[in-house]
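None of these values were measured; they are calculated from a predicted model. Values below: all heavy atoms of this structure, side chains included; hydrogens, waters and symmetry mates excluded. The chains referred to below are lettered A, B, ... by the order of the sequence lines, with proteins before strands, and numbering in each begins at 1.
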Amino acid sequence: MWDRQTILGILSYVFYAGLAAASILVLAAPFLLGVKGRRCVTAAVRSLWLHKMRSFLSVLGIIIGTLSVIVLMAFGEGSMHEALEEIKKQGATNIIITSVKPPEEASTTRRAFVARYGLTYDDLRYYQEALGDQVVSILPLRIMPAEVRPVLAGNRMVQGRVIGTRPHYAVAFGLENALAEGRFLTEADEFPIPANVAVIGSDIAQTLFPGESPLGKSIKFSGKDRAFVVVGVLKSRHPSTSGAIIEQFNNDVYIPLEASRALLGETQFIRATGARSAEQVQLHQIIVTVREMSQVRPTAEMIREQLSRYHLKADWDIKIPLDRLEQAERTRMRARILLAAIAGISLLVGGIGIMNIMLASVTERTREIGIRRALGAKRSDISLQFLTEAIAQTTVGGIVGVILGLLMVVIAPFVAERFFATHLPAKIHVPSIFLAFFFAVAVGVLFGWYPARRAAYLDPIEALRHE
Amino acid sequence: MAVVAQVIDLVKNYQMESVTVPALRGVTLAFERGDFIALMGPSGSGKSTLLNILGCLDRPTAGTYILAGRDVSQLSDDALSEVRGRYIGFIFQSYNLIPQYTVVENIEVPLLYQGRLNRQTRRRCIELACLVGLGDRLDHRPTQLSGGQQQRVAIARALVNDPEIILADEPTGNLDSKTSDEIMQLLCALNDAGRTIIMVTHENDIAAWARRVVRLRDGRVEADYRMDRAA
């Protein structure tokens, strides 16, 4: 229970809670300090107001710094979140076994040569028997690439992948709520008699049946007479970009596995430029879903062992989304640190600006410092005054930066979508708000400290004589 | 009369590179409560140095300075700040008001640093502003006031902490003769009311307002005499 993850989680919550508390404390400080503190704050605000342009320019650095923390974190977080969701969609408890054309077969150019490779029904049966209770489902897939058989309806035609599968495909890919209309494949479509039904992606539906409901309409695959009745339409899904290949789910047609076997057979002819080749693949993919994430690796190991024992050729590949999930989590952490560092640098630059202004202010107000010292101000009073001024600047900068940053995070995706047709995922990262604000204030303390100290250690007599 | 401030065998040397420059070479003086003293002397005579030490802005190299019954000659910086805020009122040649503060806020400053600023003391600040004749300009800034008015604010400020001694450094140096007279009349009135004033000046007719004149030369007391007030 007390593993590293949990402890890290708790620690980060404590950290963020601390930041939040510190931020609130800073905002409340003027009301907590006595008369002297309040006077310090009002004096600071007033002297900043006196030099509006100068204050604005020096605060601008902090505003930009804070804003960039919020915006960078939000966009970083947004795209990482989307990538993680993508992987989760593939299922963190899934093991994906894919047929791969072995390299020695790929190089052949012999005509009438049929390349036989890949996963078989024997493999499928073996998994169903050999893998124990930990397995929730085993999902076989036959995938016909889009270029093989265009999908037809009336005189319209569209290129789409034809996927033969079982009903629980919907469970494995989280499609239960992704239906625009109709239903997904059911057990009744397979047994006792294979039914000729199909579930189609949103783009296919739009192209083949513009402006009407595809439910109950029939589609065909080019070169085959058998018609399939559309029983369901899927909602539009974002293409998966997390893998090596971009999967355009919206151009998929799902039919029962048995129907696909009966309709299309196991041999596919692939027409490439100038050559024609044939492949015989029984199953293109088997997706094994286990109950717990901790069972993914041992199960994958068993499968790997079986495959390397029974397959003479290297015609298979195992992918574990969990690996990518963990890798993505690590990447997310790295990206977070990197973005925070970049944003932090801009805050730092802002801080240098503040320091510069504060040093100029100390020089300019040397005489005032002398007067205050003569009238009983201690060194600490003077340094508090200048520190307050620096913190007031960075606090104002921080607040404005946070507001502008949030505004930008809200507006930017809309603008990107509307004017640049780009999907810009943004997700407000709440801790980053506190982080940004806290660091803005901290920059004030850090870069206000030296000028404040310099002011405090001026010799009162020299300061009074200063013109 | 009781002695309010006393310096005994005061020595102050300034270290310039490797050369030691003596500014005060053993000054012994006693200032009585309610007195009005004019410190005079040519430039380089050490009168500014003496004023700085009397004002607890500087520490003597040797010798003792007793203020209000307490040896303050070797206190820490913070303790000196405390003494300045509590026992000393300053009036400067160039008024030295804080430009971004109003008249009342300027008068409040010494109280602020003693942590004694409250509704009651704030009323006292307004009363003092009225006393020096600026009751109708409480919310004005220094730049909106004439030189004489600014010096009046400075005087009110010097009074606000009810100091043991008021140190005035050429208080009329930047003023015309008519305004100078008004300021000196105000200081005399304060002195008549019991305030102890030590004033540095190099003008004889300003010094003539005082009851006692101390002349310094080359870091030593050259002359120390009482006189009848001119006016």
Just wondering, more than 12 heavy atoms not from B/Tyr14 lying within 6.0 Å of its OH?
yes

Find the one option among B/Val109, B/Asp77, B/Ile98 whose heavy-atom pairs under 4.5 Å with chain A are most numerous.
B/Asp77

Would you name the heavy atoms of A/Tyr457 and A/Arg379 that are closest together and state the gap between them?
CE2-NH1, 3.5 Å

B/Thr121-B/Arg124 side chain donor-acceptor pair, cut-off 3.5 Å:
no

Per-residue contact mode, B/Gln114 against chain A (heavy atom under 4.5 angstrom):
neither

Closest-packed option against chain A by number of heavy-atom pairs under 4.5 Å, given B/Leu57, B/Ile88, B/Asp58
B/Leu57

Side chain, backbone, both or neither: which part of B/Phe92 has a non-hydrogen atom closer than 4.5 Å to chain A?
side chain

Is any side-chain heavy atom of B/Leu187 closer than 4.5 Å to a side-chain heavy atom of B/Ile155?
yes

Interface moiety of A/Gln385 toward chain B, non-hydrogen atoms closer than 4.5 Å
side chain

Trace of the side chain to side chain donor-acceptor pair (under 3.5 Å) decision for A/Glu364 with A/Ser361
CA-CA 5 Å; A/Glu364 187 177 276; A/Ser361 173; 5.5 Å; no

What heavy-atom pair brings B/Thr172 and B/Ile206 nearest, and what distance separates the two atoms?
OG1-CD1, 3.5 Å

Which bit of B/Arg86 comes within less than 4.5 Å of chain A, counting heavy atoms only: side chain, backbone, both or neither?
neither

Is it the backbone or the side chain of B/Asn52 that comes under 4.5 Å from a heavy atom of chain A, or both, or neither?
side chain

Counting only heavy atoms closer than 4.5 Å, note whether A/Arg373 contacts chain B via side chain, backbone, both or neither.
both

Taking all atoms of both residues into account, what is the closest heavy-atom pair of A/Ser346 and A/Gly65, and its distance?
OG-CA, 3.5 Å

Against chain A, work out which of B/Asn161, B/Val83, B/Asp78 has the most heavy-atom pairs shorter than 4.5 Å and name it.
B/Asp78

